[in-house]
Structure formats: C-alpha cells, structure tokens
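Worksheet for the structure shown next.
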Amino acid sequence: MSTARFSAADHAHMARALQLAARGLYTTTPNPRVGCVIVKDGAVIGEGWHQRAGEPHAEVHALAAAGAAARGATAYVSLEPCSHHGRTPPCTEALIRAGVARVVAAMRDPNPVVAGGGIGMLTLAGIIAEVGLLEAEARAINPGFISRMTRGRPWVRLKTAATLDGKTALANGQSQWITGAAARADVQRLRARACAILTGSGTVLADDPRMTVREFDIGRQPLRVVVDSTLRTPPAAAILPALIVCHHADAARRAALENAGAEVIVLPGANGRVDLAALLVALAQRGINEVHVEAGAGLNGALLAAGLVDEWIAYVAPMAVGDTARGLFAHPPLIALTDAARFQLADVRQIGGDLRLTLQPM
C-alpha cells in the first residue's frame with residue numbers, strides 16, 4: 001500500500017506508537033514489541049504498549065486509557081492486531097467492541113496464525129483498516145520475531161570488540177580491556193534485548209564468563225547457550241545453568257553438567273562439530289527471537305561461513321597490537337577477494353573513545 005494516502009498527522013501518531021513499542025525492547029520476549037495510540041478529533045485519548053508476554057497487549061492498554069471515548073476514534077498500531085486466542089484474547093475483538101472507526105497498522109503480522117486475519121476481521125466489522133505506514137521502522141523494532149515467524153530461526157546478532165588492526169586479544173590471551181567502559185556498557189544493552197546469549201566452549205574455558213545482563217533490571221536473564229562439541233565445559237563454570245549443545249555426549253560428562261543445572265542437547269553436524277543451523281531452529285522452537293553472540297574466532301568463523309550472521313556489531317578501539325595477536329574469525333584461507341564475506345554499513349557512531357559499526361551482510 002502506498003503511504004501517500006496517509007496524512008502528516010497519521011505519520012506523527014504512528015511514530016509515537018513506534019516509540020511506545022520500543023519501551024518493550026527488553027521485556028516482551030517471546031512476543032513482539034508493539035505500541036498503540038488512539039486518537040479522536042485530532043487529540044490523543046489513549047496510549048499503550050505491550051510490556052510482557054501473558055500481560056495485556058498494547059491495544060488493550062490504550063483502549064483502557066481511552067475508555068468510552070474510543071468509539072469513533074482511530075487506533076494506530078505498530079503491528080497488525082492479533083486475531084487469535086493465545087495467552088490473551090484477540091485484540092481485534094477488543095477494538096471492535098470499543099467501536100473504533102479506523103485502524104492503521106504499520107505492518108502485517110508475520111505470524112502465519114494471524115497473517116492478515118486481524119485486518120480481515122476489522123474490515124468485516126465495518127472498520128476502516130489500513131496497513132503500511134512506517135513499515136520499515138516497525139520491522140526494525142522486531143527483527144527477531146519477524147525472523148522466527150518467516151524463516152523459522154532467530155535473528156543472529158554477532159558482537160565483536162577489536163583493535164584497529166582487527167585483533168581481539170594478545171597472543172597470550174589478554175583482552176581486558178580493549179574497548180572502554182562506555183562500549184562495555186553499550187554491550188549490556190545488546191545483551192538485555194536478546195532472548196539468548198550464545199558463546200563457545202573455548203570462551204568458557206579461557207574466560208569463565210557469566211554472560212549475564214548486569215547493568216539493567218529487566219526482570220529476566222537471557223537463556224545462556226554454549227556450543228561445546230565434546231562437553232569440555234566444567235560443571236563449576238560460572239555460565240551455568242545454561243543450555244549446552246554438543247556433537248556427541250560422553251555419558252559421565254553429560255551427567256556431571258546436568259547435575260550442575262545444565263541442559264544438554266546433541267545436534268551433530270559435519271567434522272565433529274555442532275550443526276549450527278539446527279541449533280537456531282531448536283532455539284526458535286523455544287520462542288527465541290534474538291540471539292546475541294559473544295564468542296571467539298572459532299564460533300564466529302563457523303557462523304560466518306554458514307551464512308548465519310544477520311547483523312554484526314563491531315566495536316573498534318583506536319589501538320594496534322600487531323599481527324601475532326588473536327583475530328576475529330577463524331576461517332579457511334581465501335583464494336580470491338571475491339570469496340570474502342561482505343557487509344554493508346547500517347550505522348556508525350562513537351561510543352566513548354571507541355567506534356561502533358553496525359553491519360549487515362550484503
């Protein structure tokens with residue numbers, strides 16, 4: 001649908017709905033982030049956003065704020081209202097009961113259970129229903145939910161921190177700290193929005209990280225996932241409890257890890273490695289929308305080689321440490337530059353004394 005039919009006021013109200021949706025950035029998983037604004041005679045009479053799964057959706061909050069005044073009003077929603085019974089009743093029914101005259105949705109719901117059903121129900125009820133206002137902005141808020149619904153796997157966001165010459169640590173393993181405090185705090189925000197944090201057993205053995213969200217009280221912790229082909233993770237590792245994914249499971253090691261609170265699953269791939277594509281499918285089946293990767297060169301390189309990186313957040317510190325230091329990706333040698341994985345810049349900004357590059361594969 002062309003956006004030419006939408007007025008400047010329509011754009012302003014939908015922009016506000018998107019702002020409201022972003023308030024659920026850290027908390028709505030596995031549901032999408034959604035905002036709603038209800039307007040009558042040019043005035044906002046109700047606002048709401050979805051806060052947590054199992055709690056009322058954005059439309060319900062906005063309708064409650066508007067009350068009886070919602071009759072004859074326009075509802076601006078960042079995602080097509082749901083038309084099915086989940087943990088909560090359908091929002092389309094609530095909008096119809098409230099008597100709104102018009103509903104503008106930024107985008108259709110990618111969930112095949114909905115997939116236009118909400119718009120269809122509204123239209124049958126005599127409500128003007130339109131879709132496509134600020135759709136690109138709406139999609140950017142929910143990349144993981146859209147990915148899970150359309151591709152059957154989460155959105156994979158790879159985070160790296162490196163020197164200007166592309167090194168992540170000295171040859172002896174020292175890496176604290178390449179980037180500054182501001183960049184490390186920024187990483188906490190990336191962790192907080194994720195449904196799962198993925199790392200490899202090499203990182204666990206080298207650094208014994210917790211991989212938790214420490215600077216934001218979001219009322220939950222992302223699922224921690226360790227790719228560990230041969231179950232090298234110690235039962236006393238700080239990252240536990242976690243989901244451990246292996247190629248094959250030694251019975252004694254598996255029992256020790258499970259006794260320490262881990263869940264172990266076996267997903268064998270080629271060459272004694274974990275099947276990473278199957279792992280992402282398994283995570284999607286658990287309702288995981290966004291996966292945040294903090295790993296070493298081995299897992300980074302395997303994800304890149306498999307074409308499983310959807311977004312790369314690269315923090316670059318203005319220092320050089322030489323060619324003997326550790327690199328970002330373990331990757332077989334290339335014969336030609338045309339074989340290189342290529343990315344396009346989506347955003348560049350300074351975070352403290354470092355640069356943050358946001359890249360997406362071409």
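The model shown is predicted, which means the values in this text are computed figures rather than measured ones.
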Check: I146 main-chain N/O paired with N142 side-chain donor or acceptor under 3.5 Å: no

Looking at R349 and D354, is any side-chain nitrogen of the basic one under 4.0 Å from a carboxylate oxygen of the acidic one? no

Count the heavy atoms of every other residue, nucleotide or ligand shown that sit under 6.0 Å from CG of D347, and state whether that count exceeds 12. yes

Is a side-chain donor or acceptor of K40 paired with a backbone partner of A69 at a separation under 3.5 angstrom? yes

Hydrophobic clusters here meaning ILVMFWY residues chained together by side-chain heavy-atom distances under 4.5 Å, can you tell me if I265 and I197 are in one? no

Do V60 and W49 belong to the same hydrophobic cluster, where Ile, Leu, Val, Met, Phe, Trp and Tyr are linked whenever their side-chain heavy atoms lie under 4.5 Å apart, directly or via other members? no

Are I239 and V213 connected in a single hydrophobic cluster, I mean Ile/Leu/Val/Met/Phe/Trp/Tyr linked by side-chain heavy atoms less than 4.5 Å apart? no

Below 30° counts as parallel, above 60° as perpendicular, anything between as tilted: where do the rings of W312 and F343 land? perpendicular

In plain terms, say whether R33 and E290 are close enough for a salt bridge, that is, a side-chain N and a carboxylate O under 4.0 Å apart. yes

Quick one: does T27's side chain have a donor or acceptor within less than 3.5 Å of a partner on Q51's backbone? yes

Could you check if a side-chain atom of H13 sits within less than 4.5 angstrom of a side-chain atom of V44, using non-hydrogen atoms only? yes

Distance in Å, E55 CD paired with N31 CG, rounded so as to fall on 0.5 Å steps: 10.5 Å

Between R191 and E294 (salt bridge meaning N to carboxylate O under 4.0 Å), is one present in this structure? yes

Nearest heavy-atom contact between A73 and I38 is CB-CG2, 3.7 Å

Distance col, row M14:CE vs Y76:OH, nearest 0.5 angstrom, shows 8.0 Å

Do the non-hydrogen side-chain atoms of V100 and V103 ever get within less than 4.5 Å of each other? yes

How about Q285 and L280: do any of their side-chain heavy atoms sit closer than 4.5 Å? no

What's the separation between atom CZ in R189 and atom CZ in F216, rounded to the nearest 0.5 Å? 4.5 Å

Could you go step by step and tell me if D250 and R232 meet the salt bridge (Lys or Arg N to Asp or Glu O under 4.0 Å) rule? CA-CA 10 Å; D250 175 86; R232 299 187 300 160; over 6 Å; no

More than 12 heavy atoms from other groups under 6.0 Å of CG on D41: no

Within the 4.5 Å heavy-atom criterion, are P81 and L95 side-chain neighbours or not? yes

Heavy atoms of other groups near D217 CG, more than 12 under 6.0 Å: no

Inspect the surroundings of CG in L345 and state if more than 12 heavy atoms from other residues, nucleotides or ligands are less than 6.0 Å away. yes

For the atom pair CD1 (I313) and OG1 (T358), what is the distance rounded to the nearest 0.5 Å? 3.5 Å

Working to the nearest 0.5 Å, report the span between CZ of F329 and OG1 of T168. 10.0 Å

Over 12 non-hydrogen atoms of neighbours within 6.0 angstrom of CZ in R254: yes

Working to the nearest 0.5 Å, report the span between OG of S147 and CD1 of I288. 12.5 Å

Under a 4.5 Å side-chain heavy-atom rule over Ile, Leu, Val, Met, Phe, Trp and Tyr, are Y26 and L223 clustered together? no

Min side-chain heavy-atom separation K159-V293 under 4.5 Å: no

Answer yes or no: is there a side-chain heavy-atom contact under 4.5 Å between V264 and C246? yes

Inspect the surroundings of CG in L334 and state if more than 12 heavy atoms from other residues, nucleotides or ligands are less than 6.0 Å away. yes

Among L158, V227, V226, L243, side-chain contact (heavy atoms from CB on, under 4.5 Å) partner for L198: V227

Closest non-hydrogen contact found for R253 with T230 is NH1-O, 2.9 Å

Please determine whether a side-chain nitrogen of the Lys or Arg among D186 and R356 lies less than 4.0 Å from a carboxylate oxygen of the Asp or Glu. yes

Using modelled atom types only, decide if a donor and an acceptor are shared between the side chain of E311 and the backbone of L359 within a distance under 3.5 Å. no

Row check, W177 ring normal vs R184 NZ/CZ: under 6.0 Å, within 45°: yes

Short side-chain to backbone donor-acceptor contact, H247 and G269, under 3.5 Å: yes

Closest non-hydrogen contact found for V77 with C36 is CG2-SG, 3.9 Å

Report yes or no: does T163 contribute a side-chain atom to a donor-acceptor pair with the main-chain N or O of V321 at less than 3.5 Å? no

Closest approach of W155 to G144 (non-hydrogen atoms, all atoms of both residues): CB-CA, 3.6 Å

side-chain contact (heavy atoms from CB on, under 4.5 Å) between T29 and R220, worked out: CA-CA 10 Å; T29 181; R220 65 177 183 89; 3.6 Å; yes

Minimum heavy-atom separation for L257 and T233, please, with both atom names. CD2-O, 3.3 Å

Just say parallel, tilted or perpendicular for the rings of H57 and H50, cut-offs at 30° and 60°. perpendicular

Tell me whether V225 shares a hydrophobic cluster with L304, the cluster being built from Ile, Leu, Val, Met, Phe, Trp, Tyr side chains joined at under 4.5 Å. yes

Is a donor on one side and an acceptor on the other found under 3.5 Å between the side chain of T28 and the backbone of R52? no

Can you tell me if D228 uses its side chain to pair, donor with acceptor, with the backbone of I244 under 3.5 Å? no

Which of these, L133, L79, L134, sits in a side-chain contact (heavy atoms from CB on, under 4.5 Å) with M107? L79

Is there side-chain contact between H11 and F6, with heavy atoms separated by less than 4.5 Å? yes

Salt bridge present between E263 and R286 (N-O < 4.0 angstrom): yes

Sequence neighbours left out, what passes side-chain contact (heavy atoms from CB on, under 4.5 Å) with A194? Give chain and number order. H292

Going by heavy atoms in the side chains, are C82 and C91 under 4.5 Å from each other? yes

Tell me the closest heavy-atom pair linking A106 and A138, and the distance in Å. CB-CB, 3.5 Å

Let me see the working for R193 and N289 under side-chain contact (heavy atoms from CB on, under 4.5 Å), right down to the final yes or no. CA-CA 10 Å; R193 68 173 290 167; N289 291 331; over 6 Å; no

Main chain of V39, side chain of T74: is a donor-acceptor contact present, judged purely on distance under 3.5 Å? no

Taking D275 for its side chain and L267 for its backbone only, find out whether a donor-acceptor pair lies under 3.5 Å. no

